[in-house]
Structures are given as structure tokens and as C-alpha cells.
Enquirer: 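Before I ask anything, let me first share the structure, which is written out below as C-alpha cells.
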There are 2 protein chains.
Amino acid sequence: MAAPSHPGTSEPKGANVERMPTVDDVARAANVSRQTVSNVLNSPAIVREDTRLRVQRAIDDLGYRPNASARRLRTQRSATIGLRLDPLRDGISGAVLDRFVHKLAEQADARDLRVMIFSASGHDDELAHIRRLRDGSDVDAFVLIGTDHGDERSQWLIDQGVPFVSFGRPWGAPSPDPRHRWVDVDGRAGVRDAVTRLRERGAQRVAWIGWPSPSGTGDERAAGWREACGLPPAAADALSRATEDGVPEGRAVATALLALPEAPDAIVCASDSLALGALMAAQAAGHGELPIVGFDNTPVAAAVGLSSVDQPLDEVVAATLELLFGERGGAVRPNPNSNEEPTHRLLVPRLVERRSTHLPLDGNPGALGSGDHNRKESS
Amino acid sequence: MAAPSHPGTSEPKGANVERMPTVDDVARAANVSRQTVSNVLNSPAIVREDTRLRVQRAIDDLGYRPNASARRLRTQRSATIGLRLDPLRDGISGAVLDRFVHKLAEQADARDLRVMIFSASGHDDELAHIRRLRDGSDVDAFVLIGTDHGDERSQWLIDQGVPFVSFGRPWGAPSPDPRHRWVDVDGRAGVRDAVTRLRERGAQRVAWIGWPSPSGTGDERAAGWREACGLPPAAADALSRATEDGVPEGRAVATALLALPEAPDAIVCASDSLALGALMAAQAAGHGELPIVGFDNTPVAAAVGLSSVDQPLDEVVAATLELLFGERGGAVRPNPNSNEEPTHRLLVPRLVERRSTHLPLDGNPGALGSGDHNRKESS
DNA sequence: CTGACCGTTTTGATCGATCAAATTCTTCTG
DNA sequence: CAGAAGAATTTGATCGATCAAAACGGTCAG
């Protein structure tokens with residue numbers, strides 16, 4: 001938090017008027033040719049030890065930094081990933097994508113990649129942007145987020161030969177194109193685990209609040225509940241509800257569930273928004289102790305002490321980059337032509353347990369918040 | 001939502017193997033010289049009408065798109081804005097910054113600017129990144145977010161001659177550097193308005209829940225409350241509380257306030273997190289009808305029907321870009337040397353009223369949610 | 001001593017655009 | 001109709017790096 005001054009390397013760069021040094025400047029200073037300098041940077045192995053050190057010192061002394069544009073122009077690649085920020089996501093659940101963006105920025109940086117963001121109003125607009133960015137060689141690979149049924153973006157990108165990976169499976173496609181690389185989280189397994197855990201804890205009638213079908217992610221999650229709830233079909237149907245996402249919606253549906261003659265003794269929801277609504281409903285109905293589980297482990301869930309299924313975004317991002325660039329490489333791999341190597345990755349989420357599956361909700365506020373991340377935030 | 005195929009211009013670009021056309025290709029096709037093509041793109045005014053049309057047609061036919069790297073190399077500017085995504089913000093309030101990022105991406109796009117994001121672990125790390133990005137001429141201007149007391153970043157950037165604008169005032173500086181361009185929202189006025197509104201509605205004892213001092217934004221907001229609450233100092237002190245940000249914290253403090261012999265009849269908070277906590281406290285204490293106002297108008301506030309002070313992010317972003325690039329220009333202005341033109345902009349927020357200042361909280365869930373933005377969101 | 005061979009370094013060309021200056025084409029004046 | 005002034009267009013150089021191939025220096029077998 002303290003210790004200002006010299007961040008980065010601290011060479012004597014005065015104001016900012018004098019131009020940045022170039023390879024030629026470094027070459028002159030180290031008494032070698034441009035190319036040798038270039039080699040020191042890009043293939044140090046082929047340069048003799050002592051010259052390498054000499055050049056390196058010159059680089060440090062002058063504070064040389066390769067010009068990204070020049071390099072990109074010559075190499076024909078930008079080492080930049082494009083990412084569309086979805087303008088629709090304004091709900092609580094949108095926070096997942098934010099975390100995804102963060103992680104992506106972090107891990108991309110570690111690989112010396114840049115991340116460029118853009119926003120678009122719809123799928124068509126998005127594709128137009130992608131084309132522009134790629135044709136201008138601004139960006140050489142894209143990450144698609146939030147694929148859904150009948151998503152025509154993937155196919156277009158494949159046809160155009162634009163390298164990309166989607167966070168989200170190709171829902172609904174009868175036979176998914178093997179050239180489509182994707183990473184996703186197994187929501188079905190996540191919900192299944194959550195339900196199982198609740199039953200281990202003694203719950204016998206675990207209800208489900210999900211989204212209307214068809215919804216790729218939603219249907220998967222619902223399936224997970226159905227597999228694990230241990231109820232005969234009819235009873236299961238009675239405890240299953242579908243509604244648009246949202247806190248009020250969740251509250252309304254949960255209220256109805258709790259008013260049933262054979263009321264549920266636990267509720268699992270397809271999102272934290274729905275779960276928060278359910279939490280409020282339970283509280284209002286005097287069932288403060290009712291175990292409730294949400295999905296996505298958003299900040300709100302942490303804040304109100306709601307148990308939630310957490311997506312392993314670190315792994316998601318790592319897998320995304322690996323599919324795009326390989327184990328460590330910095331060069332983009334084109335979309336695979338055949339199905340030689342695995343072109344997708346399905347990751348398993350894990351349940352984060354909090355008060356909502358442990359303690360009664362009422363009572364002393366002092367015990368709230370389970371010490372989860374709660375940082376002050378200004379502006 | 002429907003209508004796939006041809007996004008952008010739809011020229012007959014087959015696979016993606018053949019290289020993109022260049023100015024020379026276009027020139028040849030239109031029977032002019034490279035430079036004329038360049039002129040059509042950059043200064044159409046000096047090209048004769050008919051040649052311009054001819055060239056334009058060739059551009060469209062070939063699907064030509066200027067190569068960003070080449071242009072940047074030659075012009076020495078990247079038309080790219082750098083933005084650090086703060087890894088700390090994980091609370092509910094962090095959502096404001098997300099909205100900011102969105103708006104920035106949108107408006108930057110309208111000006112043909114790119115936005116590049118990066119993440120850093122601390123201020124020093126951030127500055128190191130900034131240096132790297134700028135020295136590599138990847139980015140030519142930066143937007144700083146969330147400035148706070150003793151923030152040494154601004155001064156460093158000014159010293160280094162790196163063009164930037166901060167979203168957030170230079171807090172605490174005895175005499176702010178006139179070369180520092182910034183945009184901020186007048187939180188004091190926002191809170192003042194909110195309190196005034198509550199008093200117009202009949203509230204007589206409006207309490208305040210804020211953050212511990214010193215906090216630039218926090219102190220300003222508190223000042224707004226104090227100015228408008230209309231209570232003598234002693235009484236005001238009794239109704240003022242400071243705590244770290246967070247839902248549980250807000251709940252605890254609000255519970256204490258409500259237990260006072262002279263309890264408040266309305267509460268204004270420095271954040272939606274605190275306000276949500278207060279809302280829960282009020283509900284638990286049987287004061288479901290207590291008017292409560294939050295700050296930042298986050299999705300959560302919309303979801304639970306909490307009134308909140310909304311920051312005009314559209315204007316904030318517009319002002320930011322204007323300070324950086326001028327009215328319409330695409331070229332970055334350096335940090336001003338003297339204080340000739342205005343170098344900052346202070347915008348006024350406005351109160352968004354919802355159920356929490358209108359109706360009782362309990363009662364029928366059907367009436368919840370005030371129709372505010374609630375969109376479904378998948379993985 | 002010659003020349004093949006390997007490791008290291010240098011030279012010339014190139015990526016795709018814009019700048020600055022030179023050139024050609026128009027138009028208008030005396 | 002010559003010639004100047006202005007408009008429109010073209011030419012040559014350049015931005016800063018990497019690629020591809022050539023040149024260099026040393027070792028070593030024949």
C-alpha cells in the first residue's frame with residue numbers, strides 16, 4: 001500500500017518528449033546489429049552468452065521496449081483477445097461474467113496477451129464488430145460468452161475461420177461441429193451435489209426453482225436436481241417450478257411452494273437471484289431456518305450468507321486460454337479441422353456452504369456474513 | 001434476435017486463407033494511387049467526388065479494411081484506451097464500475113476507439129503495466145478508477161506525461177495539480193437531495209449509515225446528509241453511524257439505530273450493501289415500512305425495490321472521453337500544462353425512488369420489483 | 001593448406017499504412 | 001492563349017520491428 005516511486009524498471013526517462021529507443025538504438029549502444037537485439041528478445045537461445053548479456057544491459061539502460069504495433073505489423077498477429085461485454089447482463093447473476101472477465105485479464109497478462117473489450121447490441125452487431133477487429137488485425141482470437149439455444153455465432157465464426165473459444169456449450173445443435181472449441185461448467189453435477197448434500201443433512205423434500213425451458217444451462221441444472229432429489233416423478237413435478245430470473249420472481253414462487261400442503265424442507269435454485277427471493281419468502285413465512293441453495297456464488301450470496309454453487313472460473317479461463325493458445329504458446333491455434341485433440345472441457349463446480357444451509361436466519365445479526373469476501377469500495 | 005447471415009458488410013470473402021486486401025490492392029482496382037485511397041478514408045474532403053465514389057466502391061467490393069497495426073505504427077497512436085479492472089471490488093457496489101466499463105466500451109466504440117483492459121495487484125503493479133502498455137504504444141491514454149486518499153498514481157502519471165483522466169477526485173491533495181483531469185459525481189448533492197426528499201415526505205429523524213473516515217467519497221456523502229438532515233449537531237451525531245461496507249455490517253448498525261429510544265424514521269446509507277442490510281434489519285424489527293435509501297443504484301437495489309442514488313454513468317463516461325479526446329476528435333490530448341480550459345467535471349446524481357420509500361415491505365410479493373431492469377441470464 | 005560445416009551475426013527486404021513533397025490537371029485571369 | 005494559382009493526385013520516404021538469406025569466424029577432417 002505504501003512505497004511509491006519506481007514502479008516497473010526505473011530508467012532515467014525524463015519527460016516524455018524524446019522518442020522511445022528502438023532496436024537500432026539498442027543495437028548501436030551494444031555494438032551489434034538490429035537483428036541480434038531482436039534475437040535476444042525472441043530467441044535468446046541462439047545468441048552467445050556474452051553478447052546476450054551485453055545487449056540485455058543496453059536494453060535495460062535505455063529502457064527499451066519493443067513497439068507493439070511494429071511487431072504486430074511484421075508478425076501479422078496481435079496477441080490480443082477480443083471479448084464482448086454483454087450489455088444485457090444487469091441482473092445479479094451477471095456478476096459471474098464480471099469475475100470471468102477479471103480472471104481472463106489476469107491470466108492473459110501472465111501469457112503476455114492483451115484483452116480488448118467491445119460492446120454490441122445484438123448477435124449480428126457482435127459479429128460485425130468481430131469482423132472489423134479481426135480484419136484490422138486488432139485482435140486475433142475471440143472468447144464468446146453466454147451461448148444459448150440457436151446461437152448462430154459459433155457457426156459463422158467457424159465458417160469465417162475466426163479462432164475462438166466459447167464459454168458455454170453449443171446448446172441444441174443436433175451434432176455439434178467438432179471445430180467448435182468450448183469450455184463449460186457442469187451445472188447438472190453442481191446441482192446434483194447440492195441436492196445430495198441437503199439430503200445427507202436430512203432434507204427429504206428438496207424443491208427446485210428454475211427457468212422456463214428451453215434454456216441450455218437451466219435445463220441442465222434442473223436435470224441435476226431431478227436426478228438427485230430421490231422423489232417419484234409425480235412428487236418431483238409438484239416441487240418443481242420455473243420462472244424468469246429475478247428476486248421478486250423467486251420470492252413469489254417460493255411463497256407458493258411454502259404454502260403447499262406438503263411443503264418442501266429445502267430449496268435449490270438455478271440462480272442466486274431466485275435464491276435470494278426464496279430466502280426472503282422463507283423469512284417472511286416464518287421458515288427462517290429453511291435450507292436454500294443458489295447458483296453462481298455471487299457477491300450478494302456471500303453478503304447475505306446464502307449457500308451457492310460456485311463455478312471454477314480460474315479453471316474455466318485457464319482452459320479457455322489453453323484451447324486457444326496451447327499449453328504455453330503465444331500463437332493462436334486456428335479452429336481445429338478435424339477432431340484430433342479434445343476441443344472442449346467440462347469443469348465441475350463446487351458447493352460453497354454458508355449460513356443458509358447451516359443456521360437459522362433470524363436471531364443475532366452479529367453471526368452474519370460468515371467472513372466471506374467483503375471489501376470496502378469507493379466511488 | 002433473428003435474421004442471421006451477413007453481419008457487417010457482406011463481401012464474398014471465402015475461407016480465410018487469402019490475405020486481406022491492402023491499400024495497394026484497392027488503388028489498383030480503382031485506378032488511383034495508394035495515397036488517394038488513404039485520403040478517401042482519412043480526409044475525404046480533399047478528394048474529388050467521382051474518384052471518391054470509385055475508390056469507395058473498390059473498397060466495398062474488395063472488403064478492404066485498413067490494417068490497424070500498420071496505421072498505428074505510422075501515426076504513432078493506437079486510438080486505444082487502457083483500463084485497469086480492479087481485482088478488489090467484489091462487493092455489491094463493484095457493480096457501478098462494471099456499468100462504467102460497459103458504458104466506456106460503448107461510447108469508445110462510437111468514437112472508433114478501442115478499450116484494452118488489464119488487471120494489477122496494486123498501485124505499483126498498475127503503474128508498471130501502464131508503462132508497459134504505453135511504451136509499447138499499445139495504448140495511448142488511460143482511465144483511472146476509484147481514486148482515494150493519498151493516491152500517488154495521478155502524480156506519477158502526470159510526471160511521466162501519460163495522458164489520463166480519473167473517475168474520482170484527487171482526494172486529500174492540499175492543492176490539486178491543475179494538470180490532473182478528472183470526472184466525478186457529486187455524492188454530497190446526491191445524498192442531500194435524498195434526505196431532503198425524505199423530509200418532504202414527512203421524515204423528521206433521518207439517520208445516516210456511512211463509512212469510517214477518512215474516505216473521500218464517504219465523507220462527502222456524509223456531509224450531504226449532515227447539511228440536509230435539519231438536526232442540531234448533537235442529535236445528528238446520535239443518528240450517524242460509520243462502519244465498513246457490507247450487508248451484515250449495515251444490518252448490525254441499523255438494528256442498533258432502531259433500538260434507540262429516539263429511533264430514526266428513515267435511513268440513508270452510503271451504499272446499497274449497507275442499505276440492504278438496513279432493509280433486512282428494519283424488516284426483522286417489524287419496521288417494514290421504514291424508508292431507506294441506498295447509493296449506487298446497483299442491480300440488487302433494483303431487485304429488492306430499494307431506492308437509491310444513481311450515478312449518471314453515461315455522462316461520466318462522455319465527460320471522460322471529452323476530456324481525453326476533445327469534442328469529437330480521435331487524437332489524445334496530452335495532460336494540460338496550465339489551467340486554461342476546465343480540466344474536470346463534477347456531475348450530479350439523481351435519486352431513483354422505489355418501494356423502499358413508498359410502500360411497506362411486507363405484503364403481497366406480486367407488487368414487488370417495480371418493473372426495473374430484470375433480465376434473464378445464463379451461464 | 002583447403003574446404004566443409006557449424007554456430008553466430010549481419011544485411012536486405014518486407015509488413016501496410018501515412019506523411020511530406022513533387023507532380024499533374026484545372027481553372028481562371030490578363 | 002500564356003501562365004499563375006489552386007485543386008487533385010502521385011511519388012518517395014518512413015514508422016519499428018521480424019523474416020529469410022547471406023556473411024562471417026572458427027574448428028576440424030582430409
Side-chain angles (χ1 to χ4, degrees), chain A residues 18-56 58-59 62-80 112 132 134-138 140 330-331, chain B residues 18-56 58-59 62-80 112 132 134-138 140 330-331:
Chain A
E18 83 271 19
R19 68 166 182 50
M20 291 292 298
T22 73
V23 264
D24 282 292
D25 296 320
V26 175
R28 214 166 302 124
N31 248 311
V32 292
S33 68
R34 330 187 272 302
Q35 185 60 33
T36 299
V37 177
S38 173
N39 286 336
V40 169
L41 261 53
N42 301 310
S43 10
I46 70 166
V47 180
R48 206 174 46 201
E49 176 78 0
D50 60 327
T51 42
R52 209 195 64 232
L53 290 173
R54 186 155 35 99
V55 171
Q56 190 58 55
I59 289 178
L62 298 178
Y64 166 76
R65 192 87 65 188
N67 181 303
S69 300
R71 172 178 282 172
R72 293 209 262 257
L73 171 58
R74 183 66 247 229
T75 61
Q76 302 282 38
R77 66 172 109 110
S78 62
T80 300
D112 247 305
R132 248 196 8 198
R134 199 182 113 93
D135 286 357
S137 85
D138 252 319
D140 42 33
Chain B
E18 83 271 20
R19 67 165 182 49
M20 291 293 297
T22 72
V23 263
D24 281 292
D25 296 321
V26 176
R28 215 167 303 126
N31 249 310
V32 293
S33 68
R34 327 187 274 305
Q35 185 59 37
T36 299
V37 177
S38 172
N39 287 336
V40 169
L41 261 51
N42 302 310
S43 11
I46 70 167
V47 179
R48 205 175 47 204
E49 176 78 1
D50 60 328
T51 43
R52 210 195 64 232
L53 290 174
R54 186 154 36 99
V55 171
Q56 191 59 54
I59 289 178
L62 297 177
Y64 166 76
R65 192 87 64 188
N67 181 303
S69 300
R71 170 178 283 173
R72 293 210 261 258
L73 171 59
R74 182 66 244 229
T75 62
Q76 302 284 36
R77 67 172 109 111
S78 61
T80 301
D112 247 305
R132 249 195 8 199
R134 198 184 114 93
D135 286 357
S137 85
D138 253 318
D140 41 34

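So that the names make sense, note that chain A is the first sequence line, chain B the second, and so on, each numbered from 1. Source: prediction; values computed, not measured.
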Enquirer: I'd like to check the salt bridge (Lys or Arg N to Asp or Glu O under 4.0 Å) partners of B:R132; sequence neighbours left out, ordered by chain and number.
Expert: A:D109
Enquirer: Output all residues satisfying side chain to side chain contact (heavy atoms under 4.5 Å, CB included) with B:Q35, sequence neighbours left out; order by chain, then residue number.
Expert: B:S33, B:S38, B:N39
Enquirer: Mind checking side chain to side chain contact (heavy atoms under 4.5 Å, CB included) for A:R74 and listing every partner two or more places apart, or none if nothing turns up?
Expert: none
Enquirer: Ignoring hydrogens, what is the shortest heavy-atom contact between A:S78 and A:D140? Give both atom names and the distance.
Expert: N-OD2, 2.5 Å
Enquirer: According to salt bridge (Lys or Arg N to Asp or Glu O under 4.0 Å), who are the partners of B:D25, at least two apart in sequence or on a separate chain?
Expert: B:R19, B:R28
Enquirer: With sequence neighbours excluded, what pairs up with B:A30 under the side chain to side chain contact (heavy atoms under 4.5 Å, CB included) test?
Expert: B:V32, B:R54, B:V55, B:A58
Enquirer: To the nearest angstrom, how far is B:R72 atom CZ from C:dC19 atom C1'?
Expert: 19 Å
Enquirer: Please report how far the helix from C:dC1-D:dG30 to C:dG30-D:dC1 bends, comparing the axis fitted to its first five pairs with the axis fitted to its last five, to the nearest 10 degrees.
Expert: 60°
Enquirer: Any pair with a residue in residues 35-49 of chain B that passes salt bridge (Lys or Arg N to Asp or Glu O under 4.0 Å), sequence neighbours left out, goes on the list, sorted by first then second residue, please.
Expert: B:R48-B:D50, B:E49-B:R52
Enquirer: For A:D138, check side chain to side chain donor-acceptor pair (under 3.5 Å) against everything at least two apart and list the hits.
Expert: B:R72, B:R114
Enquirer: In B/S/- notation, 5' to 3', how is nucleotides 8-16 of chain D contacted by protein heavy atoms closer than 4.0 Å?
Expert: SSBBBBBBB
